[in-house]
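In listed order, ligands and their atoms are each counted from 1.
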Amino acid sequence: MKIETLAIHASNHPDSATGAVTSPINLSTTFLRDEDLGYSKGFMYTRHNNPNRQQLESCMAALEGGEAALAFGSGSAAAFAVFQALQPGDHIIAPDDMYHGLRTQLRYIFVELKMWVTFIDFNEIENHIRPNTRLIWMETPSNPLMKITDIARVVELAKQHDIITAVDNTFATPCIQRPLDMGVDLVMHATTKYINGHSDVLGGAIIAKKNDDFFGRIKMVQLLGGGVPSPFDCYLTLRGIKTLPYRMRGHCENAMALAKFLEQHPKVEKVYYPGLPSHPDHAVAAQQMKNGFGGMLSFQVKGEAKEAIKVANTTKLFMQATSLGGVESLIEHRASQEGPDTKTPQNLLRVSVGLEHIDDLIADIDQALLA
Ligand SMILES: *Cc1c(COP(=O)(O)O)cnc(C)c1O
């Protein structure tokens, strides 16, 4: 089945008890035990599993083409569970441009737990593989510089060295990029973003190509660590997923048009969008991103931090806020969000292009740049 169909039918099962077409929300934290002390309906306690979470997990597995999935209370908790499933002494390779919160987890928590972490430019990955390298973590497109990692090339190298590969697919979504089909072992999502799509649920997911021992360890962290989403959050996320493929088409179309507009604007120094032929990795992006280039872009305003912040303060439709992937457009001065150790250029603005009409978005950003 195509993803538009999966998004609707893998996300919803009519309720056999009542005939309700839309699945109910099961808020109960505990479930009846059988006389023989078993749990024949498959549910015992909501931290272990819950009907709404099970539905979200099977839907995420279907969308990404994996054997199994786990849902978490945030994208950060999902990534944390993968790192936690490793052992002291293991080496992790991660991108030099990556979601700030996950970089901070690795630097301040997992290095203390005696793991080795190297943040690299993936063009030089060969030089960084060590005998103890266990995990290669990719994020493509990356946050906020929209760098592209050649997934197929990394998978080939990882397989030669028996290293687990993972892709943070939050920016692309399975509508655009399917890492598991390319041989990647794990996909991670901040479902907070496009998957839920309405800026009202925090959530995360790990999807595995194979339901293997390492996935079992991640599942153990989910169960024992307890960083699970509530049934209501699972329900809302599933509700959002139904329109994901159509939302992504709109995000991609609007972002492409906005990127082209910004690229020729006299007040703009540089635009970062993998759909532009001027992007250094446009060819790789075109190869691995199948139906568009996503709804995220960054651009540098001519001038310093002051000029960039003024633009973010002057837009009317683009709201000045962090996060991404909702129906509404957001603009953000990223360096000040990331704090003093940021490598992000001071005149860079990150934009989550929403689903408003593109003419209104262009007019809004144009008046802000010219103000
Ligand atoms: C938001 C985000 C995360 C973290 O997700 P939370 O739900 O905020 O914990 C991880 N990776 C990327 C690319 C993100 O955009």
Side-chain angles (χ1 to χ4, degrees), residues 56 60 64 69-84 92 94-110 119 122 135 137-149 151 166-177 179 184 186-207 218 221-222 225-230 233-234 236-237 240-241 244 248 251 255 272 274 289 293-298 321-326 329-332 334 337-339 342 344 348 350-354:
L56 176 58
M60 288 305 297
E64 286 284 1
L70 298 167
F72 291 85
S74 69
S76 301
F80 200 94
V82 176
F83 305 144
Q84 186 84 65
I92 303 167
D96 56 2
D97 186 57
M98 75 185 287
Y99 181 74
H100 189 69
L102 302 191
R103 179 168 60 217
T104 309
Q105 279 187 6
L106 289 171
R107 285 181 62 193
Y108 295 108
I109 298 178
F110 291 98
F119 298 97
F122 270 85
L135 173 69
W137 184 270
M138 292 170 262
E139 180 180 318
T140 181
S142 71
N143 183 6
L145 295 179
M146 307 301 296
K147 283 192 178 185
I148 299 295
T149 302
I151 298 174
V167 170
D168 182 338
N169 210 25
T170 300
F171 273 29
T173 80
C175 303
I176 292 177
Q177 179 170 278
V184 168
L186 300 169
V187 160
M188 175 247 153
H189 274 284
T191 53
T192 312
K193 314 295 170 50
Y194 290 108
I195 300 284
N196 175 62
H198 295 77
S199 307
D200 53 8
V201 179
L202 204 63
I206 299 295
I207 306 98
I218 304 170
V221 177
Q222 181 206 37
V228 294
S230 74
D233 285 352
C234 294
L236 281 177
T237 305
I241 285 173
L244 174 69
M248 287 317 291
H251 286 298
Y272 301 82
M289 300 178 83
F293 298 92
M296 292 302 295
L297 63 87
S298 295
T322 193
S323 198
L324 60 120
S329 292
L330 301 177
I331 192 162
E332 160 177 57
R334 191 70 196 157
Q337 185 72 34
E338 293 184 348
T342 180
T344 301
L348 181 135
R350 191 187 78 177
V351 174
S352 173
V353 186

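- The shortest contact between atom 5 (O) of ligand 1 and any protein heavy atom is with Ala190 CB, 3.2 Å.
- Checking Met138, Met188, Glu139, His189 one by one against Val167, the side chain to side chain contact (heavy atoms under 4.5 Å, CB included) holds for a single residue, Met138.
- The shortest separation from a heavy atom of Leu324 to ligand 1 is under 4.0 Å, placing the residue in contact.
- Of the protein's non-hydrogen atoms, the one nearest atom 1 (C) of ligand 1 is Lys193 NZ, 1.4 Å.
- Each of Glu338, Gln337, His100, Glu332 was scored for a side chain to side chain contact (heavy atoms under 4.5 Å, CB included) with Pro144, with one residue passing: Glu338.
- Numbered from 1 in the order shown, with element, the atoms of ligand 1 that lie under 4.0 Å from a heavy atom of Thr192 read 7 (O).
- At distances below 3.5 Å, not a single donor-acceptor pair connects side-chain atoms of Ser352 with backbone N or O atoms of Ser329.
- Distance check: Ile92 CD1 to Phe119 CZ gives 8.5 Å after rounding to the nearest 0.5 Å.
- Atoms of ligand 1 found under 4.0 Å from any heavy atom of Asp168 (numbered from 1 in listed order, with element): 10 (C), 11 (N), 12 (C), 13 (C).
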Evaluate side-chain contact (heavy atoms from CB on, under 4.5 Å) for Met98 paired with Leu106, printing each intermediate quantity in order. CA-CA 11 Å; Met98 75 185 287; Leu106 289 171; 4.1 Å; yes
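- Contacts between Leu202 and ligand 1, counted as non-hydrogen atom pairs separated by less than 4.0 Å, involve the side chain only.
- Ranking protein heavy atoms by distance to atom 8 (O) of ligand 1, first place goes to Tyr99 OH, 3.8 Å.
- Residues Phe80 and Phe72 place their aromatic rings such that the two centres sit no closer than 6.0 Å.
- The atoms of ligand 1 that sit less than 4.0 Å from any heavy atom of Ser76 are 4 (C), 5 (O), 6 (P), 9 (O).
- A heavy-atom separation below 4.0 Å is found between Met188 and ligand 1.
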Please walk me through it: do Asp96 and Arg103 pass salt bridge (Lys or Arg N to Asp or Glu O under 4.0 Å)? CA-CA 9 Å; Asp96 56 2; Arg103 179 168 60 217; over 6 Å; no
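- The one candidate from Tyr272, Phe293, Phe171 that meets the side chain to side chain contact (heavy atoms under 4.5 Å, CB included) condition with Pro141 is Phe171.
- At least one heavy atom of Gly203 sits less than 4.0 Å from an atom of ligand 1.
- Proximity to Gly75 (heavy-atom distance under 4.0 Å) selects the following atoms of ligand 1: 5 (O), 6 (P), 7 (O), 9 (O).
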